[in-house]
Amino acid sequence: MRETDQKQGRGRTILGALALLSILVGLAWGLILAPPDAYQGEVQRIMYLHIPTILIAYLSFFIVFVASCLYLWKRERRDDILAYSAAEIGILFTGLTIIEGSIWGKPTWGVWWTWDARLTLTAILFLIFTGYMILRSLIEDENRGAICGAVLGIIGFLDIPLIHMSVYWWRTLHQPPSILRPDKLPWENVHPSMLLALSINFLAFLLLYFYLLALRFRVGEMQDEVKKLKLYGGQ
Amino acid sequence: MGPWGFVFLAYGIVWSCLLLYLFSLKRRQRKAAAELLQLRSTSRGTD
């Protein structure tokens with residue numbers, strides 16, 4: 001057990017070092033090497049944060065969705081810990097996306113916030129998963145809390161396709177996707193130098209995300225073991 | 001605020017929040033590890 005812990009710890013350290021290295025490269029590309037946008041100028045550099053953070057938030061809630069389905073099917077504690085850990089990090093990345101979007105919106109749209117369909121649905125996603133955390137903390141029975149959380153986690157994930165399609169279904173201030181478009185390939189729509197900066201930053205955030213998730217999952221496992229030892233005294 | 005002001009505001013907030021979260025995770029990990037060690041040694045002592 002201790003050997004497995006040490007191996008996992010070493011794996012996390014390597015992942016953390018890779019994340020740190022890619023973050024530094026990403027910052028250099030995003031802030032210095034990538035050219036400014038022809039229309040928006042330097043402020044467009046917020047895109048190198050904004051797109052990776054929302055994609056990571058989507059990924060995190062997808063992990064909540066899959067782990068919640070697995071928990072409802074197999075009732076294994078590990079799946080619930082994974083869902084809870086991913087939800088916590090997903091909320092952080094959604095909150096950051098909303099803040100960056102607001103800072104980007106002021107110089108480009110002239111407002112910090114508007115009740116645009118995409119912005120509103122993203123705020124709803126943030127509120128659903130904040131509700132998920134509150135619900136989990138309010139239910140004392142661990143199994144009941146996990147079941148209720150899994151159901152809410154599955155329902156909450158269904159908001160993401162709505163967020164993605166909102167710019168097509170409604171007339172919105174938010175622009176349509178630049179990368180994930182059905183009609184164009186990414187390099188047909190974004191200049192290669194900007195696409196490279198975006199890809200490096202996405203990779204950096206992805207590595208950071210898996211590092212944070214591995215760490216949060218380990219904390220969850222340890223807290224679970226502490227609870228068990230307190231309840232049953234190690235039997 | 002100029003364009004770089006908005007850029008640095010966004011980058012500053014994002015990286016400060018991520019660093020704070022990372023430090024909070026490390027603190028929670030240390031706390032859980034210490035608690036586990038204490039509980040394990042207590043349960044070994046009573047065996």
Side-chain angles (χ1 to χ4, degrees), chain A residues 5 9 12 16 19 23 27 30-31 36-37 40-50 52-53 85 88-89 91-93 95-97 99-108 205 208-209 211-230 232-235, chain B:
Chain A
D5 277 357
R12 275 198 303 272
I23 286 164
L27 281 173
L31 291 174
D37 183 72
Q40 291 186 31
E42 306 293 354
V43 93
Q44 172 270 338
R45 292 179 193 279
I46 296 173
M47 180 184 82
Y48 305 123
L49 289 177
H50 193 61
T53 49
S85 306
E88 188 179 287
I89 304 173
I91 291 171
L92 172 70
F93 277 89
L96 290 176
T97 305
I99 294 168
E100 297 148 13
S102 177
I103 297 169
W104 197 1
K106 182 64 181 162
T108 49
F205 272 93
L208 175 69
Y209 171 71
Y211 173 69
L212 291 176
L213 185 64
L215 196 59
R216 180 62 189 84
F217 181 73
R218 181 70 197 125
V219 171
E221 274 187 329
M222 286 160 94
Q223 286 171 338
D224 205 49
E225 207 178 328
V226 166
K227 261 189 218 165
K228 270 184 203 158
L229 279 170
K230 277 183 179 169
Y232 309 113
Q235 285 160 20
Chain B
M1 199 188 319
W4 279 109
F6 286 105
V7 172
F8 285 123
L9 182 64
Y11 275 74
I13 289 175
V14 167
W15 289 111
S16 306
C17 288
L18 288 172
L19 270 179
L20 280 176
Y21 181 68
L22 178 65
F23 291 145
S24 88
L25 272 187
K26 288 274 181 195
R27 190 179 47 80
R28 280 148 85 184
Q29 189 191 23
R30 273 197 302 272
K31 193 182 162 200
E35 219 172 340
L36 253 183
L37 199 71
Q38 195 190 352
L39 284 167
R40 275 180 188 156
S41 61
T42 313
S43 68
R44 242 181 256 134
T46 53
D47 285 345

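Here is the naming used below: chain letters follow the sequence lines, and residue numbers restart at 1 for every chain.
Using a cutoff of 4.0 Å between basic side-chain nitrogens and carboxylate oxygens, B/Arg28 and A/Glu88 are scored as salt-bridged. For A/Lys227 and B/Glu35, the salt-bridge test fails: no basic side-chain N is under 4.0 Å from an acidic carboxylate O.
Note that NZ of A/Lys228 and CG of B/Leu39 are 13.5 Å apart. Values are rounded to the nearest 0.5 Å. In this structure, the separation between CZ on B/Phe8 and CZ on A/Arg45 is 9.0 Å, given to the nearest 0.5 Å. Here B/Gln29 contributes atom CD and A/Gln223 contributes atom CD; the two are 10.5 Å apart, rounded to the nearest 0.5 Å. In this structure, CD1 on A/Ile89 lies 6.5 Å from CG on B/Leu25, to the nearest 0.5 angstrom. A/Ile23 CD1 to B/Leu18 CG: the interatomic distance, rounded to the nearest 0.5 Å, is 7.5 Å.
You'll find the ring centres of B/Tyr11 and A/Trp104 outside the 6.0 Å limit.
Both the backbone and the side chain of A/Leu212 come within less than 4.5 Å of a heavy atom of chain B. Both the backbone and the side chain of A/Leu31 come within contact range of chain B, judged by heavy atoms closer than 4.5 Å. Contacts of A/Phe205 with chain B are made by side-chain atoms alone, with heavy-atom separations under 4.5 Å and no backbone atom involved.
Under the side chain to side chain contact (heavy atoms under 4.5 Å, CB included) rule, B/Val14 has a single partner from A/Ile46, A/Ile103, A/Leu96, which is A/Leu96.
The candidate with the highest count of non-hydrogen atom pairs below 4.5 Å against chain A, out of B/Pro3, B/Ala33, B/Ala10, is B/Ala10.
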Item to check | Trace of the side chain to side chain contact (heavy atoms under 4.5 Å, CB included) decision for B/Phe6 with A/Glu100 | outcome: CA-CA 9 Å; B/Phe6 286 105; A/Glu100 297 148 13; over 6 Å; no
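Contact detail for A/Val43 and B/Val7: the closest heavy-atom pair is CA-CG2, 3.7 Å.
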